[in-house]
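Whatever order the structure lists them in is the order used to number ligands and atoms, beginning at 1. When a residue number appears, it is its place in the shown sequence, counting from 1.
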Amino acid sequence: MKPLDPDAVTKGLRTRSFGRVLFHFSEIESTNDLLLRLAASDIAEGAVVLAESQTRGRGRQGRRWSTAAGKSLAFSVLLRPRLDPHRIPGITLAAAVAVARALELSGLKAGIKWPNDVLLKGRKVCGILTEMGPAKDNKASVVLGVGVNVNQTARDFPSWLRPLASSLALAGGRRLDRVVVLQRLLKELETTYGWVLEHRFDRVRKEWRKRSVTLGRRVKVVQGRRSFTGEACDIDPMGALLVRIKKGTILRVLSGDVKLVAKDKA
Ligand code: BTN
């Protein structure tokens with residue numbers, strides 16, 4: 001598989017800062033890990049670390065994330081948000097909205113599962129891992145890691161994963177140019193991050209709700225050893241998922257795994 005040409009990415013980029021500094025690796029442990037280390041230096045907001053493959057790609061909840069070389073996108077963006085800490089989780093939801101919007105530009109119809117899994121035809125094609133980095137000059141740093149399955153075929157996924165995961169090519173029926181997908185992703189990520197910085201989280205919420213596959217569904221929330229089921233009824237102004245466990249009792253979910261369950265299995 002041909003590696004991506006980083007010059008081609010920067011040439012057609014329509015962003016202000018995202019991707020203007022771009023580090024490209026053929027193999028790395030984890031783009032998030034490297035950027036978390038670089039965040040202590042003077043490196044500017046919007047810098048991107050991109051890798052063809054990762055040997056220790058990390059997912060949410062301590063899971064692993066595998067990156068098919070030449071067929072997927074694995075990158076992290078450095079953010080230095082001037083935000084009250086309680087607004088930081090909003091970046092995670094804004095990123096999912098951005099990915100969905102970018103995929104829609106390629107004619108794909110994306111759904112979002114709380115907080116930020118992006119799905120096509122009910123299968124996950126993108127995962128997002130947002131992590132706090134070291135503060136620099138009293139400004140927090142956040143590393144936004146994005147993994148997208150772009151051109152994998154069904155055979156690229158282990159059989160147990162096939163009902164759950166997909167790629168843009170599998171869902172859309174055609175291979176896509178990773179350079180174009182990345183440029184669109186960076187543009188949309190910068191746009192929706194801007195909404196969070198400008199305290200326009202209502203816009204993120206509106207766009208998130210429109211694509212949600214979680215709201216209105218019965219869900220099982222797993223937080224370590226604790227779990228409960230209920231109806232996902234909304235997201236609040238901080239991005240927390242609101243789950244009605246019984247009449248008059250709504251729990252706010254800020255972390256954990258949310259599984260969609262069939263009504264009769266609740
Ligand atoms: C998830 O569990 O859904 C989140 C997956 C996030 C994977 C991306 S790939 C680029 C970045 N580097 C990592 O190690 N993880 C994120």
message = Do Val146 and Ile88 land in one hydrophobic cluster if side-chain heavy atoms of ILVMFWY residues count as linked below 4.5 Å?
response = yes

task = Determine, for Glu231 against Arg217, whether the closest basic-nitrogen to carboxylate-oxygen distance falls under 4.0 angstrom.
result = no

inquiry  = Using heavy atoms and a 4.0 Å limit, tell me yes or no: is Arg63 in contact with ligand 1?
reply    = no

inquiry  = side chain to side chain contact (heavy atoms under 4.5 Å, CB included) for Ile128 and Thr92? Distances and angles first, verdict last.
reply    = CA-CA 8 Å; Ile128 297 167; Thr92 284; 5.5 Å; no

inquiry  = Is the contact between Val146 and ligand 1 made by the side chain, the backbone, both, or neither, using heavy atoms and a 4.0 Å cut-off?
reply    = backbone

request  = State the atoms of ligand 1, each with its element, that fall below the 4.0 Å cut-off from a heavy-atom position in Asp117.
outcome  = 3 (O)

remark   = closest protein heavy atom to atom 5 (C) of ligand 1 is Trp65 CE3, 3.4 Å

CZ on Arg175 to CG on Leu168, rounded to 0.5 Å = 11.5 Å

request  = Look at atom 2 (O) of ligand 1 and say which protein heavy atom is nearest, naming residue and atom and giving the distance to 0.1 Å.
outcome  = Arg60 N, 2.7 Å

message = Using a 4.0 Å cutoff against the non-hydrogen atoms of Phe75, which atoms of ligand 1 qualify?
response = 10 (C)

query = With distance as the sole test, does Arg80 use its side chain to make a donor-acceptor pair with the main-chain N or O of Val142 at under 3.5 Å?
reply = no

inquiry  = Counting only heavy atoms from other residues, nucleotides and ligands, does the tally under 6.0 Å from CZ of Arg16 exceed 12?
reply    = no

query = Between Ser76 and Asn32, is any side-chain donor less than 3.5 angstrom from a side-chain acceptor?
reply = yes

ask   = Ser30 to ligand 1: N or O pair under 3.5 Å?
value = yes

remark   = A student checking ligand 1 against Gly59 at a 4.0 Å heavy-atom cut-off should list atoms 1 (C), 2 (O), 4 (C), 5 (C)

inquiry  = Walk me through whether Thr67 and Gln54 qualify under side-chain hydrogen bond (donor to acceptor under 3.5 Å, both in side chains).
reply    = CA-CA 6 Å; Thr67 303; Gln54 300 184 108; 3.1 Å; yes

message = Contact between ligand 1 and Gln61 is defined here as a heavy atom of the residue under 4.0 Å from a ligand atom; is it met?
response = no

message = Looking only at protein heavy atoms, which one is nearest to atom 10 (C) of ligand 1, and what is the separation?
response = Thr31 OG1, 3.2 Å

inquiry  = Give the atom numbers and elements of ligand 1 that come within less than 4.0 Å of a heavy atom of Gly57.
reply    = 14 (O)

query = Looking just at side-chain N and O atoms, do Arg184 and Ser106 make a donor-acceptor pair shorter than 3.5 Å?
reply = yes

ask   = Looking at Gly147, which atoms of ligand 1 are within less than 4.0 Å of one of its heavy atoms?
value = 8 (C), 9 (S)

Top protein contact for atom 3 (O) of ligand 1, by heavy-atom distance = Lys124 NZ, 2.5 Å

remark   = Among Arg58, Lys113, Gln54, Glu29, the residue with a heavy atom nearest to atom 9 (S) of ligand 1 is Gln54

